[in-house]
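Okay, so here's the structure we're looking at.
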Amino acid sequence: MPRSGVRNKPSDAGDVTMDDQNEPENGRRSLLSRRAVLTTMGTLPVITAAATVVGASEAAAATAVIDPSTQRQTIRGYGGMAHAAWIGDLTSAQRETAFGTGEGRLGFSVLRIPVPESSADFSRDLATARRAAELGVLVFASPWNPPASMIETFTRGSQTNAKRLRYNAYAAYAQHLNDFTTHLRNNGVNLYAISVQNEPDYAHDWTWWTSAEMLRFLRENAGSISTRVIAPESFQYVKSMSDPILNDATALANVDIIGAHLYGTSYANFPYPLFQQRGAGKELWMTEVYHPNSSDSADLWPQALDVGEHIHRAMVDAEFQMYVWWYIRRGYGPMREDGTVSKRGAMMAHYSRFVRPGYVRIGATANPASNVYVSAYRSGGTVVIVAINKNTSAVSQQFTIAGSAATGASSWVTDANRTVTPQGTTAMTNGSLTVSLPARSITTFVTTAGPLPSPTPTPTPSPSPSGGGGQFRVAYTMNAWNNGFTANISITNNGTSAVNGWTLVFTLPSGQAITSGWNATYSPSSGQVSAVNVGHNATLAPGATIDVGFQATHTGNTAEPGAFTLNGVPCTVV
């Protein structure tokens, strides 16, 4: 696509910014690194940069205590953007690398695609989206522009041809989003959610929205959208774009996910207290970023470790449930142009391959030593620990998992010479292990040892008054293919008291049979099914949402269950 001039995004480090001269599209700004731009974007050697972090004594590390009973956010997943119009589609092999979970794969469980302006282009990203859906990947979409017939131009500062959606086209625009959702559903992809607008506050080359316009659309029109709604996707997590939504009960009732981008956002601005106060029953997603820039090779080392820390901060400081990179395949992205995993991609794979959808972040000592970052996640009896050491020397680190009977931990490491390389199993005693974290490295540990202590949910605010009706709310999302499908079920407690132990009952339509499931125990496999909680999600706090799901076969009937009860109480189905 033709470029229409230079626009800048601020850098977290305060660098001067510029466009990436290698980008064919005019829809993404890049940050100029202090390092030289690298133009060779194939299978690249590790490119080293000057040391920026001093060494640390191994004796300096305190024990990292992992507390499986402390439950934080439920993880939706990690992924990236496919955009066939701007950089070409992923090949069939690249789709397997992106969404596969084996060695040498990224393990992405999320795919973001664009909503085209014209219905004639609705199938442009369908091939990748369909394959992702077949693999159980969550697919969501974001628009850059409405159809041209719905747009008017206006003067915004020095921009005389700025674009905005006409007020009298709001209802038609909601229908346009529904039309795209329907088209994908009819072609084997059930969108999990759709956004109102990509970066409405950074729209030099697409459509501007003010916070007031966004609020008006959400209040008056978003309720008619047929899938979950994401807003506002501010380019820099600008809270003045999302605060009005959280402060308006009507708008908030029509939004399911607060989405944000993190271009140049300082770590100090990652926490969002207002969301913690007002966002009960809603989700918090980070839906786009590249970090620290788009001008350097994704194999520049140790700069790639900055991506690992960025993900850590997004999970721990911001408590996002999702982390989505910009382009999946790009010289500065997780997949090189030749289709292999880069060092930046390795940073993501240390999370995405092992911290799967439905895992819950749990308590962990976040900084047991200077420049060491630790986060932990659990699903049932499995605990995943991700540890980053940005020091120039190794750090001796002890991990203690409270209440664990695990006798060993498998691990994978990335450093200057290794890329998500399996390291075998390290013995554990009384739930503890001590390891040497290599200099400038990231390591993922996986332990499994039966039941763990029951979680203590983080206190959550009371649900919004207009949040859904009925004590329990269920959202059922199906992704079907030739003779099979996956189903995700979101269960929200709209009541004022916690549920301790639950059973969700529903009837599968004729010809459908469950083959496997997650985050619940399912019995029987067909007919009237009872889904019973597992240990880590037995408690459903007021305003909280938990996710369960299963994979199943079908014989041509892809209808959805029509009714659900939780502990005998009929649920509102959305």
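Only a predicted model underlies this, so the values are computations on that prediction, with no experimental measurement involved. All values below were derived from every heavy atom in this structure, side-chain atoms included, with hydrogens, water molecules and symmetry-related copies excluded. The first residue in the sequence is number 1, and the count goes up from there.
Residues R418 and D415 approach most closely at NH2-OD2, 2.6 Å, considering heavy atoms. In terms of heavy-atom proximity, L106 sits nearest to G345 at CD2-O, 3.5 Å. Pairing each heavy atom of S411 with each of T443, the nearest pair is CB-CG2, 4.1 Å. Considering every non-hydrogen atom in both A387 and F399, the closest pair reads CB-CZ, 3.9 Å. Closest of all the heavy-atom pairs between F99 and V110 is CE2-O, 4.2 Å. Counting all heavy atoms, side chain and backbone alike, I113 lies closest to A129 at CD1-CB, 4.3 Å.
Atom CD1 of I328 sits about 9.0 Å away from atom CE of M348, to the nearest 0.5 Å. Atom-to-atom distance recorded for I311:CD1 and S352:OG is 7.5 Å, nearest 0.5 angstrom. For the atom pair I75 CD1 and D547 CG, the distance stands at 11.0 Å (nearest 0.5 Å). In this structure, CD1 in I258 is found 11.0 Å from OG1 in T287, a value given to the nearest 0.5 Å. Going from atom CG of D125 over to atom CG of L111 covers 8.0 Å, rounded to the nearest 0.5 Å. Atom CD1 of I401 and atom CD1 of I66 lie 6.5 Å apart (nearest 0.5 Å).
In this structure, R228 is positioned above the aromatic face of Y192, its NZ or CZ under 6.0 Å from the six-membered ring centre and within 45° of the axis. A cation-pi geometry, defined here as NZ or CZ lying under 6.0 Å from the six-membered ring centre and within 45° of its normal, does not hold between R313 and F270. By the 6.0 Å and 45° rule, K239 stacks over the aromatic ring of Y272.
By the 4.5 Å heavy-atom criterion applied to side chains, M322 and F140 are counted as neighbours. Counting heavy atoms from C-beta on, the side chains of R440 and K390 never come closer than 4.5 Å. Looking at T74 and V360, their side chains come closer than 4.5 Å, going by heavy atoms from C-beta outward. Side chains of E199 and Y263 form a contact here, defined as non-hydrogen atoms less than 4.5 Å apart. At least one side-chain heavy atom of P334 sits less than 4.5 Å from a side-chain heavy atom of F108. Looking only at side-chain heavy atoms (C-beta outward), I87 and E337 stay at 4.5 Å or farther from each other. Within the 4.5 Å cutoff, the side chain of S297 has no heavy atoms near those of the Q303 side chain. Within the 4.5 Å cutoff, side-chain heavy atoms of Y373 are placed close to those of N367.
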### Task
With ring-ring contact (aromatic ring centres under 6.0 Å, His included) as the test, would you mind laying out the steps for Y351 and Y323 before giving the verdict?
CA-CA 10 Å; Y351 293 86; Y323 187 98; 8.1 Å; no
#### Entry: K282 and V255: CA distance, side-chain angles, deciding distance, side-chain contact (heavy atoms from CB on, under 4.5 Å) verdict
CA-CA 8 Å; K282 309 301 177 181; V255 170; 5.5 Å; no
### Task
Output, in order, the C-alpha distance, side-chain angles, deciding distance and verdict of side-chain contact (heavy atoms from CB on, under 4.5 Å) for L433 and T447.
CA-CA 11 Å; L433 74 156; T447 76; 5.5 Å; no
### Query
Do Y377 and Y359 pass the ring-ring contact (aromatic ring centres under 6.0 Å, His included) test, and can you show the C-alpha distance, the side-chain angles, and the key distance before you say yes or no?
CA-CA 6 Å; Y377 312 82; Y359 274 60; 7.8 Å; no
### Task
List the steps and the verdict of side-chain contact (heavy atoms from CB on, under 4.5 Å) for R330 and W325.
CA-CA 11 Å; R330 210 64 177 151; W325 193 268; over 6 Å; no
### Task
Could you walk me through whether T444 and V384 pass the side-chain contact (heavy atoms from CB on, under 4.5 Å) test, one step at a time?
CA-CA 7 Å; T444 298; V384 176; 3.7 Å; yes
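Looking only at distances, a side-chain donor or acceptor of D299 sits under 3.5 Å from a matching main-chain atom of K343. A distance-only check finds a donor-acceptor pair linking the side chain of R105 to the backbone of E96 [under 3.5 Å]. Panel note: side chain T265, backbone Q236; a donor-acceptor pair is recorded below 3.5 Å. Within the 3.5 Å criterion, the main-chain N or O of G363 finds no donor-acceptor partner in the side chain of R361. In terms of modelled atom types and a separation under 3.5 Å, the side chain of N493 and the main chain of L540 share a donor-acceptor contact. Under a 3.5 Å cut-off, the side chain of E309 and the backbone N or O of V372 do not form any donor-acceptor pair. Counting only distance, with no hydrogens or angles, the side chain of R278 and the backbone of I245 share no donor-acceptor pair below 3.5 Å. For the pair T91 (side chain) and Q94 (backbone), a donor-acceptor distance under 3.5 Å is present. N389 places a side-chain N or O within 3.5 Å of a backbone atom of P438 that can act as its donor or acceptor partner. Side-chain atoms of R95 never come within 3.5 Å of backbone atoms of A132 as a donor-acceptor pair (strictly under, hydrogens ignored).
Checking S69 against D67 by side-chain atom types alone, a donor-acceptor pair falls below 3.5 Å. Side-chain atoms of R336 and S342 include no donor-acceptor pair closer than 3.5 Å. No hydrogens or angles considered: nothing links the side chains of R378 and Q71 as a donor-acceptor pair under 3.5 Å. Using modelled atom types, one finds a donor on one side chain and an acceptor on the other under 3.5 Å when comparing S142 with R112. In this model, a donor atom of one side chain and an acceptor atom of the other lie less than 3.5 Å apart for Q398 and T63.
Ring geometry for Y522 versus F550: interplanar angle over 60°, hence perpendicular rather than tilted (30 to 60°). The aromatic rings of H291 and H310 lie parallel to each other, with less than 30° between the two planes, well short of the 60° mark. Ring planes of H83 and Y327: perpendicular class, angle over 60° (limits at 30 and 60°).
Annotation: N430, atom CG; neighbour count of heavy atoms from other residues, nucleotides and ligands within 6.0 Å does not exceed 12.
The residue from I388, I385, V386 that alone fulfils the side-chain contact (heavy atoms from CB on, under 4.5 Å) condition with V374 is I385.
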